[in-house]
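Here the structure is laid out as structure tokens; the discussion comes afterwards.
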Amino acid sequence: MKIGVIKEIEFGERRVALIPDVASRLVKSGLEILIESHAGESSFFANSAYAEVGANIIDDKTALINESDILLKVGAPREEEVSMFKSGQIIIGFLNPLGRPELIRRLAHQGVTAMGMEMIPRSSRAQSMDALSSQASIAGYKAVLIAAAALPKYLPMLTTAAGTIPPAKVVVLGAGVAGLQAIATARRLGAQVEAYDIRPAVREEVQSLGAKFIDVTLEEDTTAAGGYAKEISEAAKQHAQTVLAKHIKDADIVITTAQVPGRKAPVMVTDSMIAQMKRGSIIVDMAGEQGGNCEGTIAGKDVICHGATIIAPINLPASMPIHASQKYAKNLLNLLNHLIKKGELHLDFTDDIISSTCITHAGEILNQRVKDALSQLAVSA
């Protein structure tokens with residue numbers, strides 16, 4: 001069986017789907033690995049590093065795609081790549097199925113079996129394959145470093161001959177994987193940290209990292225299946241904003257992490273809340289690509305608003321391509337080991353990992369949420 005790795009061509013994408021170490025393991029298991037020339041260059045993995053472990057370097061993308069049984073990517077393929085795919089082929093990557101349902105329809109029409117890494121279930125069985133979590137952890141870490149670099153003051157408390165400098169105050173909104181890593185990183189840098197999440201169950205995780213949990217009592221269920229945050233009513237959102245406003249007012253840094261797959265990110269920080277913040281304060285909006293958690297956010301831009309700076313970075317994991325690629329490649333390795341037994345592919349749709357992750361197969365769209373998204377597009381058209 002041949003596994004092909006395509007070079008990422010999206011602007012700013014520096015990750016690669018397989019690193020040489022993982023390619024070596026797959027080669028030793030009896031699989032043939034095809035790497036598009038310079039696919040790992042932006043992640044600092046040279047062609048020679050892949051060749052040394054037994055992978056084949058292919059200069060021609062079309063030839064690589066044509067020869068491969070399974071294609072591995074980081075991001076979703078472009079239209080010109082999709083046109084090269086052949087029926088029965090498997091494509092695995094972050095396909096953004098709810099944000100780009102038309103792409104999924106095209107993959108189905110091509111007869112491609114598409115598996116979305118963002119659809120891996122968050123269960124103990126699938127934990128080693130959970131690429132969303134592995135990449136979100138990197139994003140949460142980097143968001144705090146960006147904020148610390150932009151903040152015009154120290155983060156830790158310092159006692160100097162010129163007097164004592166109090167620690168910076170950081171508020172993290174959302175205590176998922178990215179939020180928890182942001183909390184841990186801010187604490188390691190010496191900041192005083194508070195965190196909020198609509199799921200009361202994460203209180204202990206927040207406190208275990210040395211942060212104070214901001215308690216907002218909501219009289220409705222806030223946790224969806226799989227432990228994810230659930231969208232709440234407008235009344236609940238307004239109540240939460242009222243409570244959070246007091247904490248955001250005193251913050252030097254605010255990190256926002258709330259995202260809803262396929263939908264606009266919820267607004268958590270309003271213009272009036274920003275207006276009450278101290279001049280020089282920093283907001284890092286990690287949901288910028290989905291519209292932002294802050295009013296005034298522009299994805300990929302730094303915006304000055306009432307003396308505070310809103311930073312909305314795009315694709316944070318790609319800014320740390322060595323470790324991001326390493327983690328992602330390990331996620332893919334574990335998924336491939338789950339799919340391939342003794343050199344043969346096994347798609348068992350009674351297995352929750354496969355049934356959740358597989359979006360298209362045999363010319364059909366299997367995921368109901370993607371079907372619903374396409375139906376909504378048809379209605380709006």
Side-chain angles (χ1 to χ4, degrees), residues 1-96 100 103 106-107 110-117 131 134-135 138 314-337 339-340 343 345:
M1 182 170 287
K2 296 181 179 181
I3 311 291
V5 176
I6 305 175
K7 182 179 179 181
E8 303 299 320
I9 55 178
E10 286 296 329
F11 178 77
E13 183 53 78
R14 299 171 60 196
R15 293 171 289 180
V16 64
L18 284 188
I19 65 170
D21 177 63
V22 173
S24 173
R25 298 190 198 188
L26 292 171
V27 169
K28 289 175 182 176
S29 72
L31 299 172
E32 187 173 346
I33 305 300
L34 311 178
I35 306 288
E36 184 178 354
S37 185
H38 304 301
E41 187 120 340
S42 294
S43 303
F44 305 98
F45 300 110
N47 282 351
S48 58
Y50 290 101
E52 285 171 7
V53 299
N56 299 312
I57 308 301
I58 309 294
D59 292 322
D60 186 340
K61 182 192 290 280
T62 303
L64 182 147
I65 291 174
N66 191 54
E67 288 185 42
S68 300
D69 300 301
I70 298 176
L71 291 168
L72 304 180
K73 281 187 92 310
V74 178
R78 285 190 175 183
E79 287 296 323
E80 61 266 30
E81 293 173 320
V82 174
S83 64
M84 301 178 197
F85 297 161
K86 58 187 181 182
S87 180
Q89 204 163 40
I90 296 174
I91 174 78
I92 305 175
F94 283 117
L95 304 180
N96 190 16
R100 297 182 63 190
L103 169 65
R106 177 81 187 280
L107 291 170
Q110 290 281 111
V112 173
T113 295
M115 306 190 78
M117 290 301 287
S134 73
Q135 303 304 295
I138 290 172
I314 293 174
N315 196 358
L316 278 174
S319 68
M320 293 181 58
I322 293 178
H323 282 147
S325 298
Q326 176 183 308
K327 287 188 169 191
Y328 183 65
K330 291 286 183 64
N331 296 142
L332 284 173
L333 172 65
N334 292 318
L335 177 60
L336 289 171
N337 286 338
L339 295 172
I340 302 171
L345 179 69

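Small disclaimer: the values here were computed from a predicted structure and weren't measured. Just the heavy atoms: all of them, side chains too, but no hydrogens, waters or symmetry mates, feed the values below.
Between S134 and N331, the closest heavy-atom pair is OG-OD1, 2.7 Å. Shortest non-hydrogen contact noted between P20 and F45 is CD-CD2, 3.5 Å.
Partners of S83 according to the side-chain contact (heavy atoms from CB on, under 4.5 Å) rule, which considers only residues two or more places apart in sequence or in another chain, are R106. With sequence neighbours left out, the side-chain contact (heavy atoms from CB on, under 4.5 Å) criterion links S24 to K28, V53. Taking the salt bridge (Lys or Arg N to Asp or Glu O under 4.0 Å) definition, one finds that E52 meets it with nothing, sequence neighbours left out.
One distance of note links OG of S42 with NZ of K7; it measures 6.5 Å at 0.5 Å rounding. Note that CD1 of I19 and CZ of R25 are 8.0 Å apart. Values are rounded to the nearest 0.5 Å. I138 CD1 to K327 NZ: the interatomic distance, rounded to the nearest 0.5 Å, is 5.0 Å. For the atom pair CG (N47) and CD1 (I58), the distance works out to 10.5 Å, reported to the nearest 0.5 Å. Separation of atoms CD (E81) and CD1 (I91) is listed at 8.0 Å; rounding is to 0.5 Å.
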Self-check item: Residues L332, M117; criterion side-chain contact (heavy atoms from CB on, under 4.5 Å); working and verdict
Solution: CA-CA 8 Å; L332 284 173; M117 290 301 287; 3.8 Å; yes
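Under the 3.5 Å distance criterion, the side-chain polar atoms of Q135 are matched with a main-chain donor or acceptor of A324. Although no hydrogens or angles enter the test, the distance criterion places no donor-acceptor pair under 3.5 Å between the side chain of Y50 and the main chain of I33. Using a distance-only test at 3.5 Å, with no hydrogens or angles considered, no donor-acceptor pair links the side chain of S37 to the main chain of I57.
I90 is listed as a side-chain neighbour of L345, based on a closest heavy-atom distance under 4.5 Å. Residues R15 and E8 are not in side-chain contact: their nearest non-hydrogen atoms beyond the backbone lie 4.5 Å or more apart. When side chains are defined from C-beta on, L31 does not count as touching L336, because their heavy atoms never get closer than 4.5 Å. Side chains of N337 and L333 form a contact here, defined as non-hydrogen atoms less than 4.5 Å apart. Proximity of E80 to I9: side-chain heavy atoms (C-beta onward) are separated by under 4.5 Å at one or more points. Within the 4.5 Å cutoff, no side-chain heavy atoms of V16 are placed close to those of I35.
Applying the salt bridge (charged side-chain N to carboxylate O under 4.0 Å, His left out) rule to pairs touching residues 31-47 yields E36-K61, sequence neighbours excluded. For residues 69-94, the set of pairs meeting the ring-ring contact (aromatic ring centres under 6.0 Å, His included) definition, not counting sequence neighbours, comprises F94-Y328.
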Anything under 3.5 Å between a donor and an acceptor, one on a side chain of residues 64-72, the other on a protein residue two or more places apart or in another chain? List them.
unit_1 : atom_1 : unit_2 : atom_2 : d
S68    : OG     : L64    : O      : 2.7
D69    : OD2    : K2     : N      : 2.8

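Between N315 and R14, the side chains place no donor N or O within less than 3.5 Å of an acceptor N or O (distance only, hydrogens not considered).
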